[in-house]
Amino acid sequence: MARPKGENTLRKHFKLTEETAKLLAERSKAENMNESEYIRYLLLNQSEHPRSKELELEIMRLRNEINKIGVNINQLVKNSNSHIYSDDDKMNLIRQMDIIRDLLERVTTISI
């Protein structure tokens, strides 16, 4: 992955632990690049906000759970409109929805 001479004019100096430096050396060698090329490659070929696979999987699970909750809410609203629930049941539902909203706000702030 040779670059035209003079293309990169700025130098950046940073510190790594021995373990991280070894990992960088191994991964860049595996890709047949020097360490600078490998770092540039990683920077230029990643999305703007990279996330770990575990976080992506957890977000997908959260979306599925929210969808299930939405289905349940639709059923509750239908039954409520049919006058099956008491006012106490409705107030309890509102409190539970507030708890869910607060938890969802916390999760979305953490994942951003």
Side-chain angles (χ1 to χ4, degrees):
M1 185 174 183
R3 62 181 165 78
K5 190 172 185 177
E7 181 180 311
N8 298 320
T9 58
L10 296 175
R11 288 184 180 265
K12 297 288 183 178
H13 301 277
F14 52 92
K15 296 180 181 182
L16 301 172
T17 64
E18 286 184 31
E19 183 180 322
T20 306
K22 182 179 177 183
L23 188 61
L24 175 60
E26 289 171 357
R27 290 187 181 177
S28 63
K29 185 177 180 181
E31 295 293 329
N32 294 320
M33 298 178 189
N34 67 39
E35 293 175 1
S36 295
E37 290 171 335
Y38 184 67
I39 290 171
R40 281 192 296 274
Y41 171 79
L42 291 175
L43 288 171
L44 296 173
N45 291 298
Q46 291 218 352
S47 65
E48 196 170 313
H49 299 288
R51 295 180 176 159
S52 71
K53 291 190 185 290
E54 295 85 15
L55 181 58
E56 289 291 337
L57 184 60
E58 196 58 37
I59 289 173
M60 195 166 33
R61 286 183 189 137
L62 180 61
R63 285 181 183 150
N64 288 338
E65 287 300 316
I66 291 171
N67 186 49
K68 290 177 186 176
I69 291 169
V71 169
N72 289 339
I73 290 170
N74 286 339
Q75 291 171 349
L76 290 169
V77 169
K78 179 183 175 188
N79 290 336
S80 175
N81 291 337
S82 301
H83 305 290
I84 294 175
Y85 296 112
S86 69
D87 287 339
D88 289 339
D89 292 334
K90 292 176 185 179
M91 292 306 296
N92 187 30
L93 176 61
I94 291 170
R95 283 192 298 275
Q96 295 299 320
M97 290 300 299
D98 287 339
I99 292 170
I100 291 170
R101 183 179 29 85
D102 292 342
L103 289 171
L104 184 58
E105 284 178 12
R106 277 195 238 158
V107 168
T108 53
T109 356
I110 291 171
S111 65
I112 294 176

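If you're wondering where the values come from, they're calculated on a predicted model, not measured in any experiment.
To the nearest 0.5 angstrom, Leu42 atom CG is 8.5 Å from Arg27 atom CZ. One finds the CD1 atom of Ile66 at 10.0 Å from the CD1 atom of Ile73 (value rounded to the nearest 0.5 Å). Atom CD1 of Ile69 and atom CG of Leu62 lie 8.0 Å apart (nearest 0.5 Å).
Listed by chain and number, the residues in a side chain to side chain contact (heavy atoms under 4.5 Å, CB included) with Gln75 are Val71, Asn72 (sequence neighbours excluded). Scanning for salt bridge (charged side-chain N to carboxylate O under 4.0 Å, His left out) contacts around Glu31 gives an empty result, with sequence neighbours left out. When the salt bridge (charged side-chain N to carboxylate O under 4.0 Å, His left out) test is applied to Asp98, the partners found at least two apart in sequence or on another chain are Arg101. By the salt bridge (charged side-chain N to carboxylate O under 4.0 Å, His left out) test, Arg11 pairs with no residue at all, sequence neighbours left out. Applying the side chain to side chain contact (heavy atoms under 4.5 Å, CB included) test to Glu26 and every residue at least two apart in sequence or in another chain returns Lys22, Leu23. Thr20 pairs by the side chain to side chain donor-acceptor pair (under 3.5 Å) definition with Thr17, not counting sequence neighbours. For Asp89, the side chain to side chain donor-acceptor pair (under 3.5 Å) criterion is met by Ser86, not counting sequence neighbours. With sequence neighbours excluded, the residues satisfying side chain to side chain contact (heavy atoms under 4.5 Å, CB included) with Glu35 are Leu24, Ala25, Ser28.
Leu93 places a side-chain heavy atom less than 4.5 Å from the side chain of Met97. Annotation: side chain of Glu37 is in contact with side chain of Arg40 (closest heavy-atom distance under 4.5 Å). Here the side chains of Arg61 and Leu57 are in contact, with some heavy-atom distance below 4.5 Å.
Between the side chain of Asn67 and the backbone N or O of Arg63, no donor-acceptor pair lies under 3.5 Å.
When hydrophobic residues (I, L, V, M, F, W, Y) are linked wherever their side-chain heavy atoms come within less than 4.5 Å, the members clustered with Met91 are Ile94. When hydrophobic residues (I, L, V, M, F, W, Y) are linked wherever their side-chain heavy atoms come within less than 4.5 Å, Leu10 remains an isolated member. In the hydrophobic clustering, Leu103 connects to Ile99, either directly or through intervening members, whenever side-chain heavy atoms lie under 4.5 Å apart.
Sorted by first and then second residue, the salt bridge (Lys or Arg N to Asp or Glu O under 4.0 Å) pairs with a member in residues 64-78 read Glu65-Lys68; sequence neighbours excluded.
For the residue pair Tyr38 and Met33, the shortest heavy atom distance occurs at CA-SD, 3.7 Å.
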